[in-house]
Amino acid sequence: MTNNSMFSRATPYLFAALFVIGLIAPFTMYPTFLMKILCFGLFACAFNLLLGFAGLLSFGHAAFLGSAGYVCGMLVRDVGVTPEIGIIGGTLAAAALGWVFGVLAIRRTGIYFAMITLALSQMVYFIVLQVKATGGEDGLQGVPRGHLFGIIDLSNNIAMYYLVFAVFCIGFFIIYRAINSPFGQILKAIRENEPRAISLGYDVARFKLLAFVLSASLAGMAGATKTLVFQLASLTDVHWHMSGEVVLMTLLGGLGTVLGPLVGAATIVSLQSELADRVGSWVTVIMGVIFVVCVLLFRRGIVGELQALIERAGIR
């Protein structure tokens, strides 16, 4: 039995075990901390779909996380819709914004693509900062969690956790199915050798745009859910620092791996939570050092290095 076959056979059991852990986790750990990990985990997984499998480095993904959060917050707080409608609305808004970004940037590659997405993201940041409806520098505050389907009171942290867990599972399933479908195989072919993919007759620009919109939509889903959890949408969510942070999460966990971004997000969120009260503003410096060490010593990331170690050990 090959190593790839072994991993394929073990994957359903691993996912089942993680699902069970997710179900019992809020009774053993602080639910709000877990919800933050799940939100950023979905955000990182969405980004990994674009960079890890399509080979497109976006420096503007914070725009989708933040804009969806603001849309969701305004729908729930100002319009009075239920939380699930707010999440759907935020996701659709991020998808529309992702389409606009994609149309403008997708025909460029490498650093040019990255710089275009960064510039567009900064435009979104400026708009959010200037529009009064978003609260400007104070952010969109006082967003009620509301009642799911008009019945389940989400002010209860356990109820809110299971909504976030369900949203994460839906998003993760979409990503997993996408990367293991013919669509995902085409994305990998484009990443590895774009000219050859073009010679085979694939409309590369269309597949890139689809990947970009899907990634933006799922990032928006994470952002909308995060706004409900913390009852706040802030400028931090649309700042370019957030785009850099999701790159760190993805690289630290393992670029191009299925679970790597979730592991990276959990690691970064945990470190920030533990170090914030102890070192203050030095958290940013520590995150930078971790990034440098990761790039120099663990190029495959935590999950990638673990998989490589198992392969080198020759486990059958």
Side-chain angles (χ1 to χ4, degrees), residues 38-54 56-76 79 81-107 113-114 116-125 127-128 131 133-134 140 163-164 166-179 181 183-184 186-187 190 203-228 233 237-238 242-243 246 250 261:
L38 290 175
C39 289
F40 280 109
L42 179 57
F43 182 35
C45 287
F47 178 79
N48 184 53
L49 173 65
L50 188 66
L51 177 59
F53 294 94
L56 297 173
L57 174 58
S58 168
F59 280 146
H61 251 52
F64 311 125
L65 179 83
S67 62
Y70 276 100
V71 170
C72 175
M74 287 187 284
L75 286 174
V76 173
V79 180
V81 303
T82 52
E84 70 277 4
I85 300 300
I87 292 175
I88 293 172
T91 303
L92 292 176
L97 186 63
W99 182 83
V100 174
F101 274 38
V103 168
L104 294 174
I106 213 70
R107 295 188 183 279
F113 174 85
I116 291 174
T117 57
L118 176 60
L120 293 171
S121 177
Q122 287 301 98
M123 291 175 61
V124 172
Y125 175 84
I127 292 171
V128 170
V131 174
T134 63
L140 192 70
L163 171 62
V164 176
V167 170
F168 173 82
C169 289
I170 292 170
F172 186 83
F173 177 76
I174 292 172
I175 293 171
Y176 183 76
R177 287 298 303 151
I179 62 179
S181 67
F183 170 71
I186 294 171
L187 290 183
I190 294 172
D203 187 346
V204 169
R206 184 170 71 90
F207 280 102
K208 284 183 176 180
L209 181 59
L210 286 173
F212 197 94
V213 172
L214 179 58
S215 178
S217 302
L218 294 170
M221 184 187 294
T225 308
K226 178 178 176 290
T227 293
L228 290 178
D237 297 333
V238 290
M242 185 62 72
S243 295
V246 75
T250 305

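Note that the OG atom of S181 and the CD1 atom of I186 stand 8.0 Å from one another [nearest 0.5 Å]. Summarising the geometry, atom CG belonging to D237 is positioned 7.0 Å from atom OH belonging to Y70; distances are rounded to the nearest 0.5 Å. The structure places CG of L187 at 8.5 Å from CG of L210, a figure rounded to the nearest 0.5 Å. Atom CZ of F43 sits about 15.0 Å away from atom CG of L38, to the nearest 0.5 Å. Between the SG atom in C45 and the CZ atom in F168 there is a gap of 5.0 Å [rounded to 0.5 Å]. Distance check: L50 CG to I175 CD1 gives 11.0 Å after rounding to the nearest 0.5 Å.
Distance alone, capped at 3.5 Å, is enough to place a donor-acceptor pair between the S243 side chain and the A62 backbone. Remark: the backbone N or O of F59 is paired with a side-chain donor or acceptor of T117 at under 3.5 angstrom. Between the side chain of T134 and the main chain of V128, a donor-acceptor pair closer than 3.5 Å is present.
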Problem set entry | Verdict with supporting geometry, I106 and L56, side chain to side chain contact (heavy atoms under 4.5 Å, CB included) | CA-CA 9 Å; I106 213 70; L56 297 173; 3.9 Å; yes
Exercise. Given the rule in the side chain to side chain contact (heavy atoms under 4.5 Å, CB included) test, do L75 and I85 qualify, once you have shown the distances and angles that lead to the verdict?
Worked result: CA-CA 8 Å; L75 286 174; I85 300 300; 5.6 Å; no
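Judged as a side chain to side chain donor-acceptor pair (under 3.5 Å), the pairs with a partner in residues 212-223 (not counting sequence neighbours) are, in order, H61-S215.
Here the closest heavy-atom approach between residue V246 and residue A44 is recorded as CG2-CA, 3.6 Å. When every heavy atom of G98 is checked against every heavy atom of A216, the shortest pair comes out as CA-CB, 3.7 Å.
The side chain to side chain contact (heavy atoms under 4.5 Å, CB included) check on L163 picks up I87, L148, L154, M160, V167, with sequence neighbours excluded.
If you look at F64 and F101, their ring centroids are closer than 6.0 Å.
Paired with M221 under the rule side chain to side chain contact (heavy atoms under 4.5 Å, CB included), one option of L65, L92, L42 passes, and it is L42.
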